[in-house]
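Report on one structure; see the data block that follows.
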Amino acid sequence: MGRVTVVGAGVVGLSAAHELARGGHQVSVVADREATDSVSGVAAAIWFPHDVDHSGDVLESAAVTYRRLAELARDPRTGVRLRAGTVMSRRDDVDTSWTRAVPHTEPVAAGVLPDGASGIRCTVPLVETGVYLRWLREATAARGVVFRTAGFGSVGDVLRHDDGDVLVVAAGLRSAALFGDDDVSFPIRGQVVRLANPGLTEWITDDDNPGGLTYVVPRRDDVVCGGTGDVGSWDERVDPEVEAAILRRVTELVPELAGQPVLSRATGLRPGRAGVRVEAVAGYDRPVYACYGHGGAGFTLSWGDAARIAAMVGPGTFRGTGPGEDQYEAEAS
Ligand SMILES: Cc1cc2nc3c(=O)[nH]c(=O)nc-3n(C[C@H](O)[C@H](O)[C@H](O)COP(=O)(O)OP(=O)(O)OC[C@H]3O[C@@H](n4cnc5c(N)ncnc54)[C@H](O)[C@@H]3O)c2cc1C
């Protein structure tokens with residue numbers, strides 16, 4: 001069992017391919033879209049287990065990913081940085097289980113946030129998606145992984161066209177159609193508007209804002225302002241009224257954003273599911289594994305779930321070579 005095919009070239013598929021190649025497998029990634037053209041290219045993307053349950057497995061994967069991204073943040077070429085910010089809440093029953101995966105958190109001092117709100121300050125990895133996804137693809141290719149472009153209608157269709165020994169389906173939202181798993185999978189539509197950065201460095205999330213999900217995530221060249229979390233909506237068009245409402249909310253939260261020019265806008269469909277699916281799936285002529293349903297946390301869980309899939313598949317004997325093969329380990333050690 002040496003040849004593994006991964007369907008999906010988003011952050012989840014690329015991370016899984018990387019870890020499988022690192023574990024000694026000859027890996028092919030096959031997808032009909034590049035990561036930057038999928039929902040992975042739309043994400044904000046801060047480390048936070050958003051729009052997923054906070055089960056033990058999810059929090060463990062989040063913790064593994066936190067550590068890995070924090071190591072990668074030491075190399076500016078990866079596009080990952082550690083950034084301080086605030087998780088704001090306007091409810092009494094706040095779920096703080098995620099803080100177990102973060103080395104240090106502290107309550108926001110009274111009087112800083114709007115009346116009735118509380119907050120947790122912490123430092124988490126922030127991923128510049130464009131830079132990171134390109135880096136990840138190159139790091140994966142450097143491990144000997146090969147890339148192909150193709151689209152499929154079902155897992156059976158993939159297996160008919162593929163001569164690999166093992167199949168990993170990491171196709172995001174459309175994994176459900178490949179497995180016929182639509183009854184527990186659903187889109188969670190997100191809309192963002194990216195503004196010129198007036199010099200902000202701290203992020204803030206305000207999930208319980210009465211006007212809707214609100215967040216401000218400053219990156220190197222822009223500020224990602226969001227958002228929406230429309231469960232069940234397949235609409236990928238940018239809605240100008242929604243954008244106007246987002247701009248009102250973020251400006252109220254972070255007044256420095258007032259009047260900043262709009263640089264770009266986007267929507268994306270988060271792969272929602274009744275629970276993240278990382279498991280072997282029986283009933284096929286070869287071992288098949290599922291790795292999808294990461295909701296608003298695909299970046300947050302990517303390395304942890306990739307390691308989980310690699311452990312399920314087990315070690316291989318192939319050793320990929322290429323420029324930068326062990327660059328990551330050298331730089332992270
Ligand atoms: C507005 C917004 C903000 C977000 N913010 C964050 C954040 O701050 N932090 C965070 O962790 N996450 C965030 N997310 C969520 C994150 O973007 C997703 O969880 C993640 O990108 C999912 O990655 P994926 O690889 O599973 O899927 P995708 O990125 O959708 O990739 C799917 C891949 O599978 C391929 N594929 C699919 N079906 C087929 C098929 N039938 N045949 C061939 N190929 C196929 C596609 O071509 C693509 O390569 C956000 C999402 C949105 C929309």
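Atoms within each ligand, like the ligands themselves, are counted from 1 in listed order. Start at 1 with the first residue, then count along the sequence.
- Interatomic distance, Arg174 CZ to Asp32 CG, rounded to the nearest 0.5 Å: 4.0 Å.
- Distances from atom 33 (C) of ligand 1 to the heavy atoms of Ala9, Ser38, Ala31, Gly172 put Ala9 nearest.
- Atoms of ligand 1 lying under 4.0 Å from at least one heavy atom of Thr300, given by number and element, are 9 (N), 10 (C), 11 (O).
- Contact annotation for Ser175 and ligand 1: no heavy atom of the residue comes within less than 4.0 Å of the ligand.
- By the side-chain hydrogen bond (donor to acceptor under 3.5 Å, both in side chains) test, Asp95 pairs with His54, Ser97, sequence neighbours left out.
- Using cut-offs of 30° and 60° on the angle between ring planes, the pair Phe48 and His50 is tilted.
- Scanning all protein heavy atoms for the shortest distance to atom 29 (O) of ligand 1 gives Ser40 OG, 2.5 Å.
- Looking at atom 14 (N) of ligand 1, its nearest protein heavy atom turns out to be Ala43 CB, 3.6 Å.
- Using a 4.0 Å cut-off to heavy atoms of Gly151, the atoms of ligand 1 that qualify are 42 (N), 43 (C).
- A donor-acceptor pair shorter than 3.5 Å can be found between the side chains of Asp53 and Ser55.
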Problem - Stepwise side chain to side chain contact (heavy atoms under 4.5 Å, CB included) test for Val27 and Val168 - result: CA-CA 10 Å; Val27 182; Val168 175; over 6 Å; no

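- A donor-acceptor pair under 3.5 Å links the side-chain atoms of Thr78 to the main chain of Val80, judged by distance alone.
- Scanning the protein for heavy atoms near atom 35 (C) of ligand 1, the closest one is Gly8 CA, 3.8 Å.
- In the vicinity of Tyr215, heavy-atom distances shorter than 4.0 Å reach the ligand 1 atoms 1 (C), 3 (C).
- At most 12 non-hydrogen atoms from other residues, nucleotides or ligands lie less than 6.0 angstrom from CD of Glu252.
- In this structure, the protein non-hydrogen atom closest to atom 8 (O) of ligand 1 is Ile46 N, 2.9 Å.
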Exercise for the section: Test side chain to side chain contact (heavy atoms under 4.5 Å, CB included) on Arg83 and Thr201 and set out the steps. Expected result: CA-CA 7 Å; Arg83 284 286 190 211; Thr201 55; 4.0 Å; yes

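- In this structure, the separation between CG on Asp115 and CZ on Arg90 is 10.0 Å, given to the nearest 0.5 Å.
- Here the protein heavy atom with the shortest distance to atom 42 (N) of ligand 1 is Phe152 N, 3.1 Å.
- With sequence neighbours excluded, the residues satisfying salt bridge (charged side-chain N to carboxylate O under 4.0 Å, His left out) with Arg81 are Glu128.
- Interface atoms of ligand 1 facing Gly295, defined by a heavy-atom separation under 4.0 Å, are 15 (C), 18 (C), 19 (O).
- When non-hydrogen atoms are compared, ligand 1 lies under 4.0 Å from the backbone of Val12 as well as from its side chain.
- Listed by atom number, the atoms of ligand 1 under 4.0 Å from Arg33 heavy atoms are 47 (O), 48 (C), 49 (O).
- The shortest N or O to N or O distance between Gly298 and ligand 1 is below 3.5 Å.
- The closest protein non-hydrogen atom to atom 5 (N) of ligand 1 is Ala44 N, 3.2 Å.
- When the options Pro271, Ser302, Ala45, Gly10 are ranked by their closest heavy atom to atom 22 (C) of ligand 1, first place goes to Pro271.
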Practice task
Before giving the answer on side chain to side chain contact (heavy atoms under 4.5 Å, CB included), spell out for Val223 and Gln260 the whole-Å C-alpha distance, their side-chain angles and the decisive distance to 0.1 Å.
Solution key: CA-CA 10 Å; Val223 185; Gln260 286 302 116; over 6 Å; no

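- Distances below 4.0 Å separate heavy atoms of Val192 from the following atoms of ligand 1: 1 (C).
- Considering each of Asp32, Leu126, Val6, the one bringing a non-hydrogen atom nearest atom 46 (C) of ligand 1 is Asp32.
- The closest protein non-hydrogen atom to atom 12 (N) of ligand 1 is Gly296 O, 3.0 Å.
- His25 and Asp165 share no side-chain donor-acceptor pair at under 3.5 Å.
- Close approach to Val39 involves these atoms of ligand 1, each under 4.0 Å from a residue heavy atom: 17 (O), 21 (O), 22 (C), 28 (P), 29 (O), 30 (O), 53 (C).
- Under a 4.0 Å criterion applied to the non-hydrogen atoms of Leu178, ligand 1 contributes the atoms 41 (N).
- Within the 3.5 Å criterion, the main-chain N or O of Thr300 finds a donor-acceptor partner in the side chain of Thr65.
- Under the 4.0 Å criterion applied to side-chain N and carboxylate O atoms, Arg308 and Glu60 are not assigned as salt-bridge partners.
- For the ligand labelled ligand 1, residue Ala150 lies inside the 4.0 Å heavy-atom shell.
- In terms of protein heavy-atom proximity, atom 51 (C) of ligand 1 is nearest to Arg270 CG, 3.5 Å.
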